[in-house]
Amino acid sequence: MIDVGSGAYVRFFDVDNDGKKDLIIGNFGYFTQDSASGHYESALSYYHNITTGALPEFEFVTDDFNNLRSLGRTGLNATFGDLNGDGHDDMILGDKDGILHYYLNNGTTPATFTLAPNGFNFQNIDVGTNSFPFLADINNDGLLDLIIGERYGYIYYYQNTGSSTNPTFTYVTNKVGNVFVGNAQSFYGFSYPHFYKENGVSKLLVSNENGYIQKYDNIDGNLGGTFNQVSTSMFSVFEPYQTSFDMADLNGDGMDEVITGCYAGGLSIYSKNLPVGIAENLHPEKEITVYPNPAKDHIVFELNKNNPHNGKYQLSDISGKVVMEGSFQSYINNISLEGLTKGIYVLQVTESNHFSSHKIVKF
């Protein structure tokens with residue numbers, strides 16, 4: 001039921017230092033009396049993580065975290081990391097104009113931030129339109145670098161050539177890894193990046209205009225080359241349009257949940273252990289493709305044609321009620337949607353010890 005106006009740009013940050021990741025949600029802007037004429041006011045919303053059991057729970061605190069609405073910007077979104085070496089994560093904001101703003105963590109609990117000296121339009125970094133920054137040490141030199149998504153679907157890379165107490169971000173490329181997640185029809189991409197380590201190896205996740213999350217590897221030692229695209233549809237996410245996301249272990253079960261936002265202003269959650277979603281396909285040889293989606297009268301789910309198949313499927317509505325189920329023995333299978341009302345459904349496919357879930361939109 002979370003709604004942050006127009007646009008929802010998700011990041012996790014432990015605001016009150018209790019060891020639980022809270023939700024910080026940027027947006028394109030809140031509606032105002034002048035919204036019809038194009039006037040919006042952007043801010044960050046803060047939802048406190050009050051999870052005590054298996055199901056992640058968040059409690060609304062404020063829709064204007066750190067009083068950022070007073071900036072008068074649109075498209076505000078945040079990333080966090082310790083840039084001055086004081087042990088507290090600082091904040092960098094992106095916005096619609098493609099520039100950045102640097103805020104120092106005051107070291108309070110809960111966290112508060114102050115605009116750094118020369119922090120507005122920080123270091124004159126400009127990616128054109130719609131900057132979506134993310135702090136990560138992507139060249140493994142011990143300093144946090146900046147990767148920045150933007151409107152057209154590329155990712156900028158600014159290397160931190162400063163020190164652990166005084167960052168200096170130097171432009172390297174506007175097409176790191178030759179990653180491109182643009183939409184040929186709209187000419188937009190809205191790349192929203194997330195670098196992370198998987199068993200000590202760098203990986204990149206990036207969401208886009210179309211509503212999907214893509215995954216890339218072959219990053220370490222290859223920042224000047226082309227990253228390898230592992231998947232075009234991670235976590236079975238389909239949240240059009242202008243998807244944002246972040247991931248963290250929200251309930252302490254050792255596995256990450258994924259929360260996504262979209263331009264409608266709402267959020268969705270995906271998890272391995274919760275009934276509200278599904279995580280990454282752990283068996284690439286059995287990866288499932290579902291099409292068309294959105295669908296009108298039927299869907300097809302297709303598996304690896306080189307393997308034998310024997311499994312079951314279920315189609316459930318958004319409340320979890322099973323509306324259709326059956327078995328299959330072929331790699332390509334057609335399911336009729338005739339008689340079903342318009343809306344969102346979840347297709348669950350089970351085969352041996354492999355389980356996959358896909359969100360389906362019927363129109």
Side-chain angles (χ1 to χ4, degrees), residues 7-13 24-26 75-81 83 89 91-96 98-100 122 125-140 143-160 169 171-183 188-198 201-220 222-235 237 239 241-248 256 258-263 280:
Y9 309 130
V10 180
R11 291 295 184 206
F12 290 121
F13 174 64
I24 300 295
I25 314 168
L76 289 179
N77 62 100
T79 184
F80 300 91
L83 292 174
D89 284 349
M91 177 171 66
I92 288 185
L93 300 176
D95 70 18
K96 179 182 177 292
I99 59 178
L100 304 182
F122 181 51
I125 294 171
D126 190 343
V127 301
T129 313
N130 296 104
S131 53
F132 299 113
F134 188 79
L135 286 166
D137 179 12
I138 70 171
N139 63 348
N140 300 310
L143 300 177
L144 290 175
D145 307 300
L146 266 172
I147 58 170
I148 311 171
E150 50 85 50
R151 173 176 287 193
Y152 296 101
Y154 295 100
I155 298 175
Y156 283 65
Y157 167 37
Y158 285 79
Q159 181 184 347
N160 189 344
F169 293 102
Y171 171 82
V172 177
T173 179
N174 64 348
K175 298 178 182 178
V176 66
N178 290 313
V179 172
F180 174 65
V181 296
N183 184 329
Y188 294 149
F190 291 95
S191 48
Y192 197 86
H194 181 113
F195 267 95
Y196 70 107
K197 297 286 187 181
E198 188 176 285
V201 179
S202 294
K203 309 288 183 180
L204 168 65
L205 297 172
V206 54
S207 57
N208 64 9
E209 161 91 348
N210 291 349
Y212 298 100
I213 299 175
Q214 300 185 12
K215 182 178 181 178
Y216 295 82
D217 63 12
N218 189 28
I219 296 168
D220 293 322
N222 188 38
L223 293 178
T226 298
F227 299 165
N228 175 57
Q229 187 180 76
V230 177
S231 173
T232 59
S233 182
M234 288 293 296
F235 312 116
V237 167
E239 299 289 347
Y241 68 103
Q242 291 184 27
T243 306
S244 72
F245 75 101
D246 206 351
M247 59 184 190
D256 285 342
V258 177
I259 289 185
T260 66
C262 67
Y263 198 74
E280 176 179 0

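Start at 1 with the first residue, then count along the sequence. All values reported here derive from a predicted model rather than from experimental measurement.
In plain terms, the two heavy atoms of Tyr192 and Thr243 that are nearest each other are CB-O, 3.9 Å. When all heavy atoms of Asn218 and Phe227 are compared, the pair lying nearest together is O-CD2, 3.6 Å. The shortest non-hydrogen separation linking Ile147 to Pro193 is CD1-CB, 3.7 Å. In this structure, Thr260 and Val10 approach most closely via the heavy-atom pair C-CG2, 3.9 Å. Shortest non-hydrogen contact noted between Pro133 and Asn77 is CD-OD1, 3.1 Å.
Between the side chains of Glu150 and Tyr152, no donor-acceptor pair of N or O atoms lies under 3.5 Å. Checking Asn228 against Asp217 by side-chain atom types alone, a donor-acceptor pair falls below 3.5 Å. Under 3.5 Å, the side chains of Lys197 and Asn140 contain a donor-acceptor pair of N or O atoms. Of the N and O atoms on the side chains of Glu198 and Tyr196, at least one donor lies less than 3.5 Å from an acceptor on the other residue. In the model, Glu209 has no side-chain atom that pairs as donor or acceptor with a side-chain atom of Tyr188 under 3.5 Å.
Residues Asn139 and Tyr157 have side chains in contact (heavy-atom distance under 4.5 Å, counting atoms from C-beta outward). Residues Ile99 and Ile125 fail the side-chain proximity criterion, which asks for heavy atoms closer than 4.5 Å. Contact check for Leu100 versus Leu93: no side-chain heavy atoms found under the 4.5 Å cut-off.
In this pair, Phe134 and His194 present their aromatic rings tilted. The plane angle is within the 30 to 60° band. Using cut-offs of 30° and 60° on the angle between ring planes, the pair Tyr158 and Tyr171 is perpendicular.
How far CG of Leu135 is from CG of Asp145: 8.5 Å, rounded to the nearest 0.5 Å.
Ring pair Tyr9/Phe132: centre-to-centre distance below 6.0 Å.
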